[in-house]
Structures are given as structure tokens and as C-alpha cells.
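When reading the values below, keep in mind they use all heavy atoms of this one structure, side chains included, and skip hydrogens, waters and symmetry mates. Quick note on labels: first sequence line is chain A, next is B, and so on, each numbered from 1. Computed from a predicted structure; not experimentally measured.
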2 protein chains.
Amino acid sequence: MAKADLSREAIVDRALAVADAEGLDAVTVRRLAQELGVTPMALYWHVKNKDEVLDAMGDRLFETVDYASPDGATWDEQLRAVVRGLVEAFRAHPVCVDLAYRRVFECEEGLQLAEHTLGLLRGAGFADRQAADIATRSLQTALMLVTSEPGAEPGSTPEAAHAKLAEKRAGIAALPIDRFPNIHALAGFMLYCDDVEAYYDFNVDLFVNGARTALAA
Amino acid sequence: MAKADLSREAIVDRALAVADAEGLDAVTVRRLAQELGVTPMALYWHVKNKDEVLDAMGDRLFETVDYASPDGATWDEQLRAVVRGLVEAFRAHPVCVDLAYRRVFECEEGLQLAEHTLGLLRGAGFADRQAADIATRSLQTALMLVTSEPGAEPGSTPEAAHAKLAEKRAGIAALPIDRFPNIHALAGFMLYCDDVEAYYDFNVDLFVNGARTALAA
DNA sequence: ACCTGAACACCGTTCAAGT
DNA sequence: ACCTGAACACCGTTCAAGT
């Protein structure tokens with residue numbers, strides 16, 4: 001469609017936009033070419049192959065992570081800042097978080113983040129094995145909180161998302177209440193989130209508290 | 001190849017075997033047909049489409065979860081049993097865990113597990129919102145521990161896995177040590193796990209401890 | 001330097017036809 | 001009831017050719 005000059009940047013921009021709107025499956029070489037007003041083969045001049053586009057999309061997420069914490073912050077405040085920073089960055093492109101995950105050690109910003117996180121954990125007094133585990137888990141925690149934010153159906157148009165949720169709700173409503181009383185009682189909380197900030201606060205705390213307890217032991 | 005009578009069961013068996021050996025991308029309708037000594041279209045008699053195969057693969061994982069805990073177990077012991085049970089089931093087919101994740105509320109065993117977990121958390125005294133979150137997180141925790149077990153390269157042949165790890169190791173070794181000292185120091189722990197049981201013990205505890213702290217607050 | 005046409009080897013799926 | 005042949009609309013990618 002738009003004829004803005006083709007470039008690696010432009011391709012990745014478009015890929016992110018398509019992914020946000022219609023999910024990762026909609027990101028195809030041919031689709032991107034069409035949106036960019038060009039033949040599919042034109043992309044191969046700017047990019048080695050589709051995987052390189054996917055990788056670049058993942059790298060983008062790390063480029064926007066802000067994990068700074070105020071001077072004098074304790075290690076657990078710093079750890080919370082890391083997870084919250086990742087959460088904020090991931091929420092901008094929920095369907096792309098898996099792309100980002102495998103790029104931590106492959107892009108500059110991912111490496112900086114890893115270095116920072118490992119450093120603060122070692123400084124806190126964690127053993128090496130534990131520091132490595134907790135750093136990995138902080139990234140994964142952000143990833144899974146975003147991908148499963150209750151009520152969010154990333155990669156779907158608003159109408160489609162609404163339909164999917166209605167279907168899930170109906171599926172649960174059809175369950176025998178005597179066998180699944182707890183699912184019935186809590187279905188609302190798993191399918192809808194009235195306070196997104198509270199959701200992230202509680203779950204990030206859950207993680208940081210686990211780490212704090214591990215250090216004490 | 002083998003000419004065992006075609007059936008839904010046989011198709012899913014084969015799909016799991018292919019996924020385990022070569023990853024999810026290798027699971028195609030045509031490949032399964034070839035392995036089963038039949039034309040691709042034959043599968044469509046036993047199965048609606050490929051998605052149904054993928055769904056059935058996910059369901060299989062839940063069918064093997066053993067989350068029983070001894071009589072009189074405390075809520076946190078029960079929660080640990082749930083996560084450990086999921087971990088054991090997932091480890092049998094690491095590349096299929098994402099398939100399983102989205103099937104919790106769509107298969108009998110997944111529903112039973114969810115019901116059990118929600119029940120024990122409510123019994124422990126968690127508020128509804130928190131019980132829902134922690135139940136979700138217990139499934140996700142098992143999922144991510146298995147998918148990122150250090151040194152495991154699921155869906156790769158042993159040689160390919162070895163090559164991938166060597167490449168990662170080389171990538172980190174090539175990093176400037178003055179900018180990434182912590183990554184250098186801990187790279188070994190992120191790429192290799194000398195004691196897999198200890199890895200799961202520590203990380204499951206990390207999660208359960210977080211929950212315990214949340215209840216106390 | 002940058003893009004296209006034509007072609008290749010793959011997908012999943014349908015549908016009429018065979019036994 | 002169960003399977004096949006032929007066909008369709010998609011993929012990613014290569015490579016020689018155009019400007």
C-alpha cells in the first residue's frame with residue numbers, strides 16, 4: 001500500500017504492526033511485501049530471510065525496556081524494576097514476547113539487561129546457580145504475565161477477541177457445577193481483569209517475594 | 001512406513017514422536033501421512049484438521065499428570081505436588097508444553113487439575129482473585145521451567161543440540177569481558193545444569209515460597 | 001544499488017471418486 | 001467405512017534478469 005522507501009527498519013515496523021493487529025501467523029513475507037507495495041522478493045535485498053525479520057522484531061522489544069531504579073534502591077526494588085520494565089515493554093507487543101525471549105543473549109539491549117540483573121542478584125548475595133535461575137525467571141515471569149493477562153486476546157481484532165472470550169465463558173458455564181465448583185466460582189477472574197495494574201502488582205510481588213525468601217534461606 | 005491401522009490415536013502418537021525428535025515444525029500433515037504409510041488425505045477421515053491433532057497432543061500431556069499428595073498434606077505441599085506433577089509430565093514432551101497450556105480448560109484432565117488447584121488455594125485462605133492468579137502461575141511455572149531447562153535443546157537431535165550449545169557458548173565467550181563480567185561468570189549455569197533435580201527443586205520452591213508470603217500478607 | 005518474473009519445493013485442505 | 005488422485009490457494013526462497 002504505502003510506498004515509503006523500503007528498508008530493514010520499515011519491514012520490521014510493518015511486521016510488528018501486522019503482528020499486533022492479526023497475530024504472528026499473519027506475518028508472512030508475501031503479506032509484508034503487499035503492505036509495503038512491493039514484490040515479495042524485494043524484501044530479500046534488505047533482509048536475509050524471514051527469521052531475520054522475526055529476530056529483529058524480538059530485539060525491538062528489548063530496545064524499549066526501561067529498568068532503571070532510583071539511586072540507593074535495594075536489590076529487591078531493583079529486581080521489581082526489571083520485571084516491571086519488561087512487562088511494560090512486552091505489553092506494547094504481546095504476541096511478540098516469545099520472539100524477544102530467545103533474543104536476550106543475541107542483542108545489545110538484552111545483554112545489558114541480563115548483565116544488570118545478574119549483577120544485582122550477585123550483589124544481593126545469591127549463589128551463582130541461584131542468580132542465574134532467578135535472572136532467567138524474571139524474564140520469563142514478565143513474559144507469562146503479559147501473554148496471559150486475563151481478558152486479553154492478543155493478536156485478535158476487538159470483535160474477534162470479544163467472541164473468543166464469550167466462547168470461553170460459555171464453555172465454562174456448560175461445565176457440571178457439582179464437579180467443578182471452584183472453576184465456576186473463579187471463572188470471572190480468569191477471563192476478565194477489572195484492575196490490570198493490581199494484577200501486575202500482585203504477580204510481580206509474588207515473584208519478588210519468592211526471591212526474597214530464597215535469599216533468607 | 002509402518003502400516004499399523006490408522007486411527008486418531010495412532011496419528012497423535014506419531015505426531016508426539018515426531019515433535020519430540022525434530023520439533024513442532026516437523027509435524028506436518030504430509031509428514032505424518034508418510035510415516036504412517038498413507039496419503040495425506042487419509043488423515044482427514046480420522047481427524048478434522050491439523051489443529052485438532054495439535055490440540056490432542058496437548059491433551060495427552062495433561063492425561064499423564066500425577067499431582068496426588070499424601071493425606072493430610074498442607075496446602076503448600078499440595079501446591080508443590082501440582083507443579084512437580086506438571087513438570088514431570090511436561091518433561092516427557094518439552095516441545096509440546098505450549099500446546100498443553102492452552103488446553104487446560106478444554107480437556108477433562110486439565111479441568112480436574114484446575115479444579116483441584118483452585119480448591120486447595122481457596123481452602124488455604126487466598127482471596128478469589130489471588131487463587132485464580134496463583135493457579136494460572138503454577139501451570140506457567142512448570143511450563144517455563146521445562147522449556148528453559150539449562151542445557152536442554154528440545155526438538156533437536158543430540159548432535160544438533162550439542163552444536164547449538166557450543167554456538168551459544170562461543171557467542172558469550174566473544175563478548176567483551178569488561179562490559180559483561182557477570183554474564184561471563186554465570187554463562188556456565190545458564191547453558192548447563194549439573195543437577196537437574198536441584199534445578200527443579202530450587203525453582204519450584206521459589207514459586208511456592210512466593211505464594212506462602214502472599215498468603216501471610 | 002535495488003527491484004522483478006518465473007520457478008521450485010513445500011504447506012493445509014477440499015472434493016469427487018474409488019474400494 | 002475408509003482411502004486416494006487431482007487440484008487449489010497458500011507458504012519461503014533462489015536466481016537470472018531487468019533498471
Let me know the distance between [atom1] of [X] and [atom2] of [N], rounded to the nearest Å.
X        : N       : atom1 : atom2 : answer
Gln34(A) : dA9(D)  : CD    : P     : 16 Å
Leu54(A) : dG12(D) : CG    : P     : 10 Å
Leu32(A) : dG12(D) : CG    : P     : 8 Å
Leu43(A) : dC2(C)  : CG    : C1'   : 12 Å
Asp25(A) : dG12(C) : CG    : C1'   : 13 Å
Glu52(A) : dT13(D) : CD    : P     : 11 Å
Asp51(B) : dC11(C) : CG    : P     : 16 Å
Asp5(B)  : dC3(D)  : CG    : P     : 9 Å

Name the closest nucleotide to the [X] side chain, picking from [options].
X        : options                  : result
Tyr44(A) : dC3(C), dT13(D), dC11(C) : dT13(D)
Trp45(A) : dT4(D), dA1(C), dG12(D)  : dA1(C)
Lys50(A) : dT13(D), dC3(D), dT13(C) : dT13(D)
Met41(B) : dT4(D), dC11(C), dT4(C)  : dT4(D)

* Asked: Between Thr39(B) and dC3(D), does any side-chain N or O lie under 4.0 Å from OP1 or OP2?
  ->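 No, outside the criterion.
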
* May I ask you to evaluate whether His46(B) reaches the phosphate of dC3(D), defined as a side-chain N or O under 4.0 Å from OP1 or OP2? =>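 For His46(B), the contact criterion (side-chain N or O under 4.0 Å from OP1 or OP2 of dC3(D)) is met.
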
* Asked: With a 4.0 Å cut-off, would you call Glu63(A) and Arg103(A) a salt bridge?
  ->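 Looking at Glu63(A) and Arg103(A), the cut-off is not met.
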
* Comparing Arg30(A) and Ala42(A) on DNA chain C - which has the more 5′ nearest nucleotide ->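 The answer here is Ala42(A).
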
* Any strand is fair game: report the nucleotide pairing with dA7(C) by Watson-Crick or G-U wobble, both distances under 3.5 Å, or none. =>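 Across any shown strand, dA7(C) pairs with dT13(D).
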
When rounded to the nearest 0.5 angstrom, what is the spacing between [atom1] in [X] and [atom2] in [Y]?
X         : Y         : atom1 : atom2 : answer
Lys164(B) : Leu191(B) : NZ    : CG    : 13.5 Å
Asn182(A) : His184(A) : CG    : NE2   : 11.0 Å
Asp194(A) : Arg129(B) : CG    : CZ    : 6.5 Å

* Donor-acceptor pair, Asn49(B) side chain versus Glu52(B) backbone, under 3.5 Å? ->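 Checking the backbone N and O of Glu52(B) against the side chain of Asn49(B), a donor-acceptor pair under 3.5 Å is found.
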
